[in-house]
Number of protein chains: 2
Amino acid sequence: MAAVRELDYRPNTLAKGLKIARSGIVGLIVPDIVNPFFPEIIRGAELAARPAGYTLLCCNVVEDPAREEEVLETLLNRRVDGVIICSARMSDKRLFDTVKRCKAAVLINRSAPKSIAGTIEVDYRRGMIAAVDHLVRNDRRHIAYAGGHATSRGDQQRRQGILEALDGHGLELVLDVPCSPDIQGGVAGATAFLDSGRQIDAIICYNDLIAIGLLGVLKERSIAIPHDIAVIGCDDILAASLVNPPLSTLRVAKEDLGAAAMRMLIDRIDQRHIQQGIVIEPELVLRASTEGP
Amino acid sequence: MAAVRELDYRPNTLAKGLKIARSGIVGLIVPDIVNPFFPEIIRGAELAARPAGYTLLCCNVVEDPAREEEVLETLLNRRVDGVIICSARMSDKRLFDTVKRCKAAVLINRSAPKSIAGTIEVDYRRGMIAAVDHLVRNDRRHIAYAGGHATSRGDQQRRQGILEALDGHGLELVLDVPCSPDIQGGVAGATAFLDSGRQIDAIICYNDLIAIGLLGVLKERSIAIPHDIAVIGCDDILAASLVNPPLSTLRVAKEDLGAAAMRMLIDRIDQRHIQQGIVIEPELVLRASTEGP
DNA sequence: ATGAAAGCGCTAACAG
DNA sequence: CTGTTAGCGCTTTCAT
């Protein structure tokens with residue numbers, strides 16, 4: 001102990017990791033760290049990781065599937081003890097093949113055989129049913145969807161919920177436009193809606209960023225919200241409550257989501273497969289971009 | 001090569017790191033990943049790190065100096081090749097002592113002897129002088145400051161610029177209230193301003209989150225912005241342009257900042273100390289929370 | 001050119 | 001209970 005102080009000795013975590021075959025690092029892959037949805041997940045995950053002695057290595061893949069694979073490969077070579085992947089865009093086959101090589105894995109918003117990875121999914125289907133029901137209750141009949149990437153599992157679930165609910169009301173989806181999941185995507189989407197010439201009185205968006213971009217264009221074109229067109233987003237990011245008019249949205253407990261994913265991952269690392277899959281219910285938050293309940 | 005395929009061999013980065021005494025990991029410490037200022041820095045840093053073969057290990061210290069030290073220690077034990085620290089809150093002594101043990105380090109918004117660490121600083125002093133000048137030019141005479149943590153170097157620089165500019169106009173700072181650098185901090189700050197009973201016609205905020213929280217309270221109390229009180233934020237986060245009224249602010253090139261820090265760090269890792277310190281000039285962005293120029 | 005061997009710093013197993 | 005040793009998987013040096 002005297003020598004420790006004398007030489008300012010620090011244990012070398014690398015060497016320790018090599019010996020005990022555990023790096024003490026868990027990876028977290030997110031599509032875009034600049035999208036405010038993900039930092040809260042990261043924070044939840046990190047808050048759960050540190051007390052358990054793990055360091056969180058979070059990687060941003062800037063919405064690029066090739067980079068997603070490359071990053072996952074890097075993490076595996078670093079012998080991370082486990083990996084959490086948010087909204088993976090890879091094909092099932094490639095994803096499962098790679099993830100199988102991990103000691104432990106948890107997928108957020110993607111399903112997988114429980115032997116390969118634990119899963120945490122937001123029930124966007126149910127959430128979107130609530131959103132559509134609310135719109136129809138307020139006499140909206142011409143509903144459009146500003147969707148996300150086709151490769152996104154969450155996008156498919158949202159669409160499924162929307163179609164199902166519309167069907168229940170004897171309605172059809174007026175328009176379905178894929179958008180990149182950011183403000184620019186919403187701007188482009190809005191233009192596509194307006195240029196289509198179709199009658200639209202409500203737009204549901206894949207996420208709040210798209211909704212915010214859309215809102216900007218509609219206001220510019222002097223379209224009254226919600227009078228002419230009601231808008232609903234998804235995620236409930238900070239900006240959703242701040243824009244004008246404030247945005248109705250599906251709130252997702254993002255920090256809880258991250259923490260739950262991390263706890264599940266640690267359970268799997270320790271070979272305790274207590275819970276195999278968790279489903280989180282989003283909550284419909286009504287603000288001025290749709291009329292009251 | 002046949003065997004490589006056969007056995008699905010993957011090089012063990014840990015073992016390699018142990019041998020060559022380079023982990024290939026660079027650390028990035030940010031005070032709060034949920035504050036939209038930082039994800040853009042992270043992205044810039046990551047985008048610069050990957051082509052150079054480094055993996056970015058980004059750590060969130062949730063505005064807690066104790067955790068800041070703990071995290072830095074963890075990174076050192078992992079033998080990271082270098083560290084970038086954003087807005088470090090530690091005392092000079094502790095910070096320098098720890099950072100000295102790194103192979104390479106870069107500090108963002110904190111100064112240090114160039115032998116210990118490279119630095120990237122935003123010239124908040126100059127930025128705030130521009131902000132005050134603009135307010136005074138529009139006949140604001142009773143200016144208050146919603147500041148940040150006293151331990152923040154950036155806070156001191158902002159205050160210095162404000163005081164200097166006010167002095168040049170023969171004015172004094174009406175009120176100086178420290179706020180936690182988030183929306184709640186702005187809400188608390190607004191209450192403190194209003195309860196002070198002092199006459200105030202402009203408020204400059206440490207960052208946009210504080211300004212946004214403040215804006216909410218002012219609107220609630222039916223105070224007209226900018227007519228009664230002008231508000232200026234700092235950072236130009238996404239939400240700044242979206243709130244009502246849109247927020248005037250000091251724009252900082254966040255992604256560039258992160259990328260510049262990473263390039264400087266890599267230079268230092270490679271023993272090329274090309275640039276020792278960089279100063280970034282913020283840009284005054286005028287929106288409706290202050291009157292036009 | 002290709003191959004053998006030493007050793008990075010740690011832990012776990014074993015001997016004293 | 002303390003002390004020694006082998007070996008984790010890689011790179012680098014040295015001998016063939």
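From a predicted model like this one, the values you see are computed outputs, not experimental measurements. Numbers restart at 1 for each chain; the letters A, B, ... are given by sequence-line order, proteins then strands.
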Item checked: Step-by-step salt bridge (charged side-chain N to carboxylate O under 4.0 Å, His left out) determination, Asp236(B) to Lys254(B) -> CA-CA 9 Å; Asp236(B) 196 26; Lys254(B) 298 168 276 296; 5.3 Å; no
Atom [atom1] of [X] to atom [atom2] of [N]: distance rounded to whole Å?
| X | N | atom1 | atom2 | answer |
| --- | --- | --- | --- | --- |
| Leu14(B) | dT11(D) | CG | P | 13 Å |
| Leu18(B) | dT11(C) | CG | C1' | 13 Å |
| Asn12(B) | dC8(C) | CG | C1' | 13 Å |
| Arg79(A) | dC10(C) | CZ | C1' | 17 Å |
| Lys16(A) | dC10(C) | NZ | P | 10 Å |
| Arg22(B) | dC8(C) | CZ | P | 19 Å |
| Asn77(A) | dG9(D) | CG | P | 14 Å |
| Tyr9(A) | dC10(C) | OH | C1' | 7 Å |

Note to self: Does Arg10(A) reach a base, just sugar-phosphate, or nothing at all? Heavy atoms under 4.0 Å.
What the structure shows: sugar-phosphate
Note to self: Set out, in order, the CA-CA distance, both residues' side-chain angles and the distance that settles salt bridge (charged side-chain N to carboxylate O under 4.0 Å, His left out) for Arg263(A) and Asp267(A), then state yes or no.
What the structure shows: CA-CA 6 Å; Arg263(A) 279 195 300 271; Asp267(A) 279 347; over 6 Å; no
Next item on the list: Please confirm whether the backbone N or O of Ile33(A) pairs with a side-chain atom of Asn60(A), one donor and one acceptor, at under 3.5 Å?
Entry: yes
Notebook entry, point to check: Distance-only, no hydrogens or angles: does the Gln156(B) side chain make a donor-acceptor pair with backbone N or O of Ala150(B) under 3.5 Å?
Noted result: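 Yes, the answer is positive, given that a donor and an acceptor are paired below the 3.5 Å cut-off.
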